[in-house]
Amino acid sequence: MSGTSGTGRRAAIIGSGPAGFYAADCLLKAGLTVDLYERLPAPFGLVRYGVAPDHQTIKRVTAAFERTAKLPGFRLRGHVEVGRDLALEEIRRAYHAVVLAYGASSDRRLGVPGEDLRGSHAATAFVAWYNGHPEHADDRYDLDSERAVVVGVGNVALDVARVLVRPPIELAGTDIAESALAALRQSRIREVVLLGRRGPSEAAFDQGELADIVALPGVEVVVEGDVNFEVPDGAEPAVRKNVEYLATLPRVPSATAERRIRLRFLASPVELLAAGERVRALVYEENELVQSQGRSVARGTGRKHELATGLVVRSIGYQGLPLPGAPFDVKRGIVPNLLGRVLAPDATPVPGLYVTGWIRRGPTGLIGTNKACAKETVDQLLADLELLPAPTHDPAALDAVLAERGVNVIDYVGWHTIDSAETARGQAQGKVRDKFTRVEDMLAAAAKA
Ligand code: NAP
């Protein structure tokens, strides 16, 4: 049922990842009704399609989202793409407030020659592929070279490196996409070189994530090059942990390791070299660190080296995209805002429009970071509640429009049917879940509700 509850106010949220669900939870508990719009038939965003399949404990955060979905006044409007099936303006007319929580779905580029060669990929796409995202289910990766190079040293880079070196048998029972598992079983990759443009104290990953890779049987992690393991004065505890841990790792590869990760700091890719259409090598330049505006930045030394490889994955961050009808800060890749209130180009708040999650603050932070972010955004919304203009349309009118446009909306019952079908398929194969990787298959499963 759509409509209003305790406060007589209703909100729409765009995007059903952690940011969207945490915002829904705060709004429902404050007495609003919530319609959660999601472009795929399945909810949970990056928890389903970003968190690595061998991190099932992290994926269990969906239990909290399931509890939110049971609160009175919640509706999932799955398989509705805002900006395609419904304009943002149409949605805004039907709710007191709209919260943008659609994340950062694209990737950043290196801007070096050869970046578009076959064999050069964005980590965002690679991660979506092994997680069975419908838009990447048919992607193909050539895992036939002995070495892969991953650019960037954040937690996503470690996820990619770990999935590439982990024995595939250890991934078989997870919810990894079958096609990815089959490709990894055939993989000839034995070594992954991770390139960090700055030094150990600027590494973006968490020490525990690296320690998990070090603990993998048959996998060796080596720190290469002339790097400084001094902990900077006043360093955050996480930086200290990283640097002290990195200093304990071997500096020279052993001859016996079955698979290896080489961490090379102070190194930036400058070119990808081709054999025909395909990457055959990556050229990197050694960097030195210089201080600029109170921060360490990498500066090339002119010393260049070539690494033979057939697979380059750039893991240099996600990138937010604009949503038609909403303001956008192109430089920062976010929706401009003040504490979650969306700001128009003249810096005044847009009445009834709010933003949370990665599209509010950029693609950083862990899943839990979105909880505080959503609360702050919803606090602004609640402070404005009495002043919000009443909607001129009813959400039921939107349902009629969607039906006219031939959109097959998936509600929470429909999602549960998909969910049960996926877990049943998984159980039959000894897996946590076997995801549908095509939207039509999800819709067909939901139709059995
Ligand atoms: P990230 O943490 O921002 O790391 C991006 C990395 O790319 C940094 O090492 C950055 O180096 C480097 N980089 C950026 N531009 C570059 C360029 N032009 N050339 C070379 N290197 C470049 O981003 P992420 O790894 O995509 O992760 C996104 C967020 O999700 C993070 O908050 C992360 O912690 C979180 N996450 C957590 C987990 C987990 O807990 N298991 C798993 C995945 C993701 P600089 O520092 O020099 O810019």
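Here the structure is a predicted model, which means the values were calculated and not measured. Just so you know, ligand 1 is whichever comes first in the structure, and atom 1 is the first atom listed for that ligand.
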Considering both backbone and side-chain atoms of [X], is one of its nitrogen or oxygen atoms within less than 3.5 Å of a nitrogen or oxygen in ligand 1?
X: Gly365; result: yes
X: Val153; result: yes
X: Ala157; result: no

Ion pair Glu422/Arg433, N-O distance below 4.0 Å: yes

Pairing of Arg162 and Asp212 as salt bridge, 4.0 angstrom limit: no

Given that the side chain starts at C-beta and the backbone is N, CA, C, O, which of these parts of [X] lies under 4.0 Å from ligand 1, counting heavy atoms, or is it both or neither?
X: Tyr284; answer: neither
X: Pro363; answer: backbone
X: Glu209; answer: side chain
X: Asp159; answer: side chain

Nearest-neighbour protein heavy atom for [atom], which is reported as residue plus atom name and distance:
atom: atom 25 (O) of ligand 1; result: Val156 N, 3.1 Å
atom: atom 40 (O) of ligand 1; result: Leu366 CD2, 3.5 Å
atom: atom 23 (O) of ligand 1; result: Gly317 CA, 4.3 Å
atom: atom 33 (C) of ligand 1; result: Asn155 ND2, 3.8 Å
atom: atom 22 (C) of ligand 1; result: Ile316 CG2, 3.3 Å
atom: atom 4 (O) of ligand 1; result: Gly154 CA, 3.6 Å

Return yes if some donor-acceptor pair links the side-chain N/O of [X] with the main-chain N/O of [Y] below 3.5 Å, else return no.
X: Gln186; Y: Ala182; result: no
X: Arg278; Y: Gly310; result: yes
X: Ser120; Y: Glu115; result: yes
X: Asn131; Y: Val51; result: yes

Between Tyr102 and Tyr37, ring centroids under 6.0 Å: no

Heavy atom of Ser315, distance to ligand 1 below 4.0 Å: yes

Pick from Arg198, Arg197, His55, Glu202: the one approaching atom 46 (O) of ligand 1 most closely through a non-hydrogen atom: Arg198

Nearest neighbour of atom 2 (O) of ligand 1 from the list Ala204, Ala123, Gly111, on a heavy-atom basis: Ala204

Per-atom contacts of ligand 1 with Thr364, taking only distances under 4.0 Å to non-hydrogen atoms: 32 (O)

Straight-line distance of Tyr22 OH to Cys373 SG, nearest 0.5 Å: 12.0 Å

Option passing salt bridge (charged side-chain N to carboxylate O under 4.0 Å, His left out) with Arg264 (candidates Glu224, Glu286, Glu285): Glu224

Student check: side-chain heavy atoms of Tyr49 and Pro134 closer than 4.5 Å: yes

Working for side-chain hydrogen bond (donor to acceptor under 3.5 Å, both in side chains), residues Asn370 and Arg361: CA-CA 10 Å; Asn370 293 298; Arg361 53 175 213 279; 2.9 Å; yes

Nearest protein heavy atom under 4.0 Å from atom 10 (C) of ligand 1, yes or no: no

